[in-house]
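See structure below.
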There are 2 protein chains.
Amino acid sequence: MSAQDELPLALRAAYLTLHRLSDARFAEFGVTADQFVLLATLARGQALTQRELAVRMTSDPSTVRAMLVLLEKSQLVKRDTHPTDARARTVCLTAAGRRVFQQLWKAGDSLRASMIQSLQPGEAELLVDFLRRLSSSLNSERLTEDPPTINTAVEVRT
Amino acid sequence: MSAQDELPLALRAAYLTLHRLSDARFAEFGVTADQFVLLATLARGQALTQRELAVRMTSDPSTVRAMLVLLEKSQLVKRDTHPTDARARTVCLTAAGRRVFQQLWKAGDSLRASMIQSLQPGEAELLVDFLRRLSSSLNSERLTEDPPTINTAVEVRT
DNA sequence: TATTGTTATACTCTATAACTATA
DNA sequence: TATAGTTATAGAGTATAACAATA
């Protein structure tokens, strides 16, 4: 088993473990791990459109919409019409949303700390860098999915 | 933004990107990314019990069961009673399951390659190592969740 | 024409709790 | 008593396609 073969499963195992523990931590606030990510994304980039939110969360507009409906119901988020684009809606945290987010951030503290403690100084930065490179490499894979493979060589040769 | 704060989101982005691309690759075979993981787990450890399967997949017995029901319906997997423990059931790939798995593995080839190509020689091994350490650190976090904090010191002091 | 968002719909994964059968 | 698995149930995220309104 080479690193190439193990990497996907190792990535999956690490993420799912984090995801489950996060869910457990946030449960008492009635918020899921994914909803936390949405709140965190809003917390650092106010007044995003739903589309922009989906991109930043590595998610899908219709998924984001479903999540927003739930979060609006629990009053953590509100949506307004976009100031210049009447099609779009901007999303932002409510006062309660900001307050809950701070509590959630604190509740997740020991998880983030536990992740860091498993690494040597400097390794966390390296790990983040690896993950970023990996994501963007995969993303460009998506763009070049099935190129029609035009055989230009033949034409050149004539 | 420190590495500690960014690590969870970077991990999530990398995993979700991989997960979506995998789903897209496997769709033509009627298999999801998670089902692929189950098949892969069976492929390298035949005749596992459902419980063991759940552990190795970083999943849940009832989730695994739901997946097995689907995979049994598409004839990729079969379940037999355990030879020595009548409560348990062993799961293994059918002949069709092994055949499809090989095709899936090939279909995922370029994704794995793309991940590796984004890294320098040796970095893949390092990344896998980081992810493993991170998982086990988080797992031990789970065990020590809310210890009742028994104050034995008082008793010792008397 | 292209884009933003909504709606409807369906599927998969997830997880808890109560249950049966067996160890 | 503890464990393996099943069942019922519920909820959350995911994704596609058709649609309306707007750019």
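Chain A is the first sequence line, chain B the second, and so forth, proteins listed ahead of strands; every chain is numbered from 1.
To the nearest angstrom, C1' of D/dA4 lies 16 Å from CG of B/Asp80. Following rounding to the nearest Å, B/Met57 (CE) and C/dT12 (P) show an atom-to-atom distance of 14 Å. Separating the CG atom of A/Leu68 from the C1' atom of C/dT7 is a distance of 15 Å, rounded to the nearest angstrom. In this structure, CG of A/Leu71 is placed 16 Å from P of D/dG11, rounded to the nearest angstrom. The nearest whole Å value for the distance from the NE2 atom in A/His82 to the P atom in C/dT6 is 14 Å. Taking atom CD on B/Glu52 and atom C1' on D/dT3, their separation rounds to 14 Å, with Å as the unit. Spacing between atom OH of B/Tyr15 and atom C1' of D/dG13 amounts to 12 Å, rounded to whole angstrom units. In this structure, A/Leu70 places its CG atom 7 Å from P of D/dG13, rounding to the nearest Å.
Phosphate contact (OP1/OP2 of D/dA4, side-chain N/O of B/Arg79, threshold under 4.0 Å): absent. Under 4.0 angstrom from either OP1 or OP2 of D/dG11 there lies no side-chain N or O belonging to A/Thr32.
Counting all heavy atoms, side chain and backbone alike, A/Ala54 lies closest to A/Pro61 at CB-N, 3.8 Å. Across all non-hydrogen atoms, the minimal contact from A/Phe36 to A/Val31 is N-CG1, 3.8 Å.
Put simply, CZ on B/Arg133 and CD on A/Gln120 are 6.0 Å apart, with the number rounded to the nearest 0.5 Å.
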Worksheet item: Reading nucleotides 14-23 of chain C 5' to 3', which nucleotides get B (base under 4.0 Å from a protein heavy atom), which S (sugar-phosphate only), which -?
Response: BBB----BBS
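The side chain of A/Arg51 sits closest to C/dT4 out of C/dT4, D/dG5, D/dT7. In this structure, the nucleotide among C/dG5, D/dG5, D/dT7 sitting nearest to the side chain of B/Gln50 is D/dG5. Here the nucleotide nearest the side chain of A/Arg65, chosen from D/dG13, C/dT6, C/dG5, is C/dT6.
Partners of B/Arg98 according to the side-chain contact (heavy atoms from CB on, under 4.5 Å) rule, which considers only residues two or more places apart in sequence or in another chain, are B/Gln46, B/Leu93, B/Ala95.
Connectivity analysis of hydrophobic side chains (ILVMFWY, heavy atoms under 4.5 Å, direct or indirect) links A/Val69 to nothing; its cluster partners are none.
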Worksheet entry | Candidate pair A/Leu70 and A/Thr32, rule side chain to side chain contact (heavy atoms under 4.5 Å, CB included), full reasoning | CA-CA 11 Å; A/Leu70 292 173; A/Thr32 68; over 6 Å; no
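Contact annotation for B/Arg89: backbone-only contact, meaning every heavy-atom pair under 4.0 Å involves sugar-phosphate atoms and none involves a base.
The neighbour count for A/Gln103 CD, taken as heavy atoms of other residues, nucleotides or ligands under 6.0 Å away, is above 12.
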